[in-house]
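Take a look at the structure set out below.
Quick note on labels: first sequence line is chain A, next is B, and so on, each numbered from 1. The model shown is predicted, which means the values in this text are computed figures rather than measured ones.
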Amino acid sequence: MIALDANGADGGPAVVADGAKRSGEQVLLFGPKDELGGSGAEVVDAPERIAGDDEPVRAVRSRPDASIVQAARAVAEGRAEALVSAGSTGPTLAAATLAIKRLRGVHRPAIAALLPLPTGPVLLLDAGANTEVRPEHLVQFAYMGAAFMEAVVGSKRPRVGLLSVGREAAKGTPDVLAARQRLEDGPLDFAGNVEGFDLTAGTVDVVVTDGFTGNVALKVAEGASRTVREAIRQRVRSGGPLALLGGLLIRGPVARLRVELDPERVGGALLLGLRRPVVIAHGSFGPGGISAAVRLARRAVDERMVERTHAALETAGALRSVPAGSVATNG
Amino acid sequence: MTREEVLGRIREHLATELEVEPSAIAEETRFREDLEADSLDLVELTVELEDAYGIRFPDDEAARILTVGQAADFVFARVEDS
């Protein structure tokens, strides 16, 4: 059973309900009951939503009947196996982290954005959950990302890169340098530093960075893609008969490429590092994207993504621990 | 409800979440320096105590709580007041 917050999508709860139906999965829908009829799914009447501009932790704590809070609680209590939301990221992050909780030994959950690329999907994390990180957070993100790519995407041995300002080992902030040292000594297929253009070049499967940089990088990539697509379209339209003919000739391959690169195909981002899978669908998704998000959550459960993540962290010695001898004793 | 009970609940929460022996958590144990608790750990602790005792931790007062003993004092005082 997948818990699905039906509030927050740009198209309204009916779009989410349609997506749930298309997924073919067992879904527990949380949203306004009068707008979710006919979905075929079990519905919990939860008309209250938390907007993106509400302070997330305060809002989640003070509004226990909000749809995202109820949906997260259903997962925490075992009534559902994973959470999917197309609402604002802040409240989803707060509700999921407080209710579902961090996986034992994980410092910080990370938002992991799966980028559909011609060379194959690339995972970028953290894409916005933690603006300030320590080296041990970056190390954990690397293992969490690799475990996801193995379990859910099916990569045999994902190649992991650490985003920096140059490929050379000495390039990067002190935190990046410290994380690099630890990753080089570990069992991952670690590519070392990667640069911004590696994000879309297919040279690695997982790109690790702090949430501030990751969020900026993600939006630059999305914005650049959109700008280039629009520019091509405009030039073809305004380029005269030959340009139009050329546009027609490549229409088929371009249409197929557009489908391959469509973010709705991958289903959204994941919140990695919690005790159950959480998928954050984009608010602009239509029913197809919501359906993909639900199926992504289902796959994460079926492939035991959480258990495999914990095992990978444990094997690598990357789980959080309180340093021995640092805790005060009685007397 | 006694102050010892509050202290015990705090100790149990920290022991479970941070995987530390309860007996190693004392009144003077500092959240950040001794337990390496970060802001998320402290939010989770305040949520647990707010839910258990029906109190609220205003942000400015929560920021001044640095040790396990201070947290127990805060909770006990609020519960006694109410």
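Proximity to chain B (any heavy atom under 4.5 Å) is shown, for R104(A), by both the backbone and the side chain. Neither the backbone nor the side chain of P64(A) comes within less than 4.5 Å of any heavy atom in chain B. For T67(B), no part sits under 4.5 Å from any heavy atom of chain A, backbone or side chain.
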For R108(A) and S39(B), run side-chain hydrogen bond (donor to acceptor under 3.5 Å, both in side chains): C-alpha distance rounded to whole Å, both residues' side-chain angles, the deciding distance at 0.1 Å, then the answer.
-> CA-CA 10 Å; R108(A) 289 288 176 130; S39(B) 57; 3.0 Å; yes
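The pair R78(B)-E61(B) counts as a salt bridge, with a side-chain nitrogen and a carboxylate oxygen less than 4.0 angstrom apart.
Separation of atoms OG1 (T89(A)) and NE2 (H282(A)) is listed at 8.0 Å; rounding is to 0.5 Å.
Atom CD of E77(A) sits in a crowded spot, with more than 12 heavy atoms from other residues, nucleotides or ligands closer than 6.0 Å.
Highest contact tally toward chain A, considering only D38(B), V68(B), L40(B), is held by L40(B) [criterion: heavy-atom pairs under 4.5 Å].
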